[in-house]
Amino acid sequence: MADNTAKPLIETTGLVKKFGSFTALNGVDLKVYPGEVHALLGDNGAGKSTLIKILSGVFKPTAGEIRVEGKPVSFTSPRDATEAGIGTVYQDLALNALTSVTRNFFLGREITHFPGPFGVMKMREMDEIATREMAKIGINVADPNQAVGTMSGGQRQTLAIARAIYFGAKVLILDEPTSALGQKQQMEVLKTIRKVQKLGDIAIILITHNEIHARLIADRFTFLSLGEVIGQGASKDLEGDDIKRLMAGGAEIGDLAKELAV
Ligand SMILES: Nc1ncnc2c1ncn2[C@@H]1O[C@H](COP(=O)(O)OP(=O)(O)OP(=O)(O)O)[C@@H](O)[C@H]1O
Ligand SMILES: [Mg+2]
């Protein structure tokens, strides 16, 4: 559970992003604490992806500040963000279905006997690490040499999450990790997120359209609408109607019902 007396692991103040004359983010304040799952909610076009792309070094903000563990940071590339401990798991997961679990786990960061591209890979050690790290967050891989293509969607999410954590993510950003999955696999991913949360020292930002998932798994939430924060607080305080109203970008549910009554 999040300890709100702690310092935020990541914090944004007055974050603005303009694309030409269009304002995609208009002064976003966000604080995410260690051990917290923070749901980022909002309708299509609300600015969720724009916000996480700024946090992961893909876009530079037009104005505003980002602090990681209290220190102002300025990312000029995704690599800068990774080095500062921001691990982003995108929807496509960046996995190669044809190669093994272990090869995907290390992907370009293999452990070798000798430095440089011609070093001999320490396959056994790498297999052990990949298996162990995935087991920590709930997936037992029978054979780390199996092709990723043979894993379920939920297991693939776990692989991508375990990899980000092993390579130093203190802030884990998950972009709609359940949206492409069936019910059973969605629960598998939620369990994985819970296990990461229980590690206690990682801050998780969960982008989701699924209000039920947000209520099940998140400690706190931020609702964006047209680039502005229109709701922020503890997930347990959210009532179903609030969520529906906020998801609709602040429109009253009654107005929406009228709109539908053709
Ligand atoms: N590179 C860009 N150039 C111009 N406008 C952009 C760019 N990226 C995003 N936008 C605009 O910024 C707004 C916010 O987009 P964003 O992708 O952040 O929304 P989102 O909340 O992630 O939506 P969704 O739920 O559909 O993924 C949208 O109106 C979008 O058209
Ligand atoms: Mg998006």
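Numbering of residues begins at 1 and proceeds along the displayed sequence. We use all heavy atoms of the structure for the numbers below, so side chains are in, but hydrogens, waters and symmetry mates are not. All of these numbers come straight from a predicted model, not from anything done at the bench.
Remark: side-chain polar atoms of Glu188 are not paired, donor with acceptor, to backbone N or O of Gln185 under 3.5 angstrom. Proximity of a side-chain donor or acceptor of Arg220 to a complementary backbone N or O of Lys31 within less than 3.5 Å is detected. The main-chain N or O of Asp201 is never found under 3.5 Å from a side-chain atom of Lys170 such that the two would form a donor-acceptor pair. Arg163 places no side-chain N or O within 3.5 Å of a backbone atom of Ala130 that could act as its donor or acceptor partner. Asp43 contributes no side-chain N or O that, together with a main-chain N or O of Ala46, makes up a donor-acceptor pair within less than 3.5 Å. Between the side chain of Lys48 and the backbone N or O of Gly42, at least one donor-acceptor pair lies under 3.5 Å. Counting only distance, with no hydrogens or angles, the side chain of Thr23 and the backbone of Leu25 share no donor-acceptor pair below 3.5 Å.
Ring pair Tyr166/Phe106 is perpendicular by interplanar angle, where above 60° counts as perpendicular and below 30° as parallel. Between Phe19 and Phe59, the ring planes are perpendicular. Angles over 60° get that label, and only those under 30° would be called parallel.
Judged by distance alone, the side chains of Thr12 and Asp29 never bring a donor and an acceptor atom under 3.5 Å apart. Looking only at atom types and distance, the side chain of Thr222 has a donor-acceptor partner in the side chain of His38 under 3.5 Å away. Using modelled atom types and a 3.5 Å distance limit, the side chains of Asp219 and Gln197 yield a donor-acceptor pair.
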For side chain to side chain donor-acceptor pair (under 3.5 Å), just list the numbers for Asp127 and Thr102, CA-CA rounded to whole Å, side-chain angles, deciding distance to a tenth of an Å, and then say yes or no. CA-CA 6 Å; Asp127 283 345; Thr102 299; 2.6 Å; yes
Run Arg67 and Glu69 through salt bridge (charged side-chain N to carboxylate O under 4.0 Å, His left out) and show every step you take. CA-CA 6 Å; Arg67 288 169 183 266; Glu69 295 181 305; over 6 Å; no
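With a 6.0 Å radius and a threshold of 12 heavy atoms from other residues, nucleotides or ligands, Lys122 has its NZ atom above the threshold.
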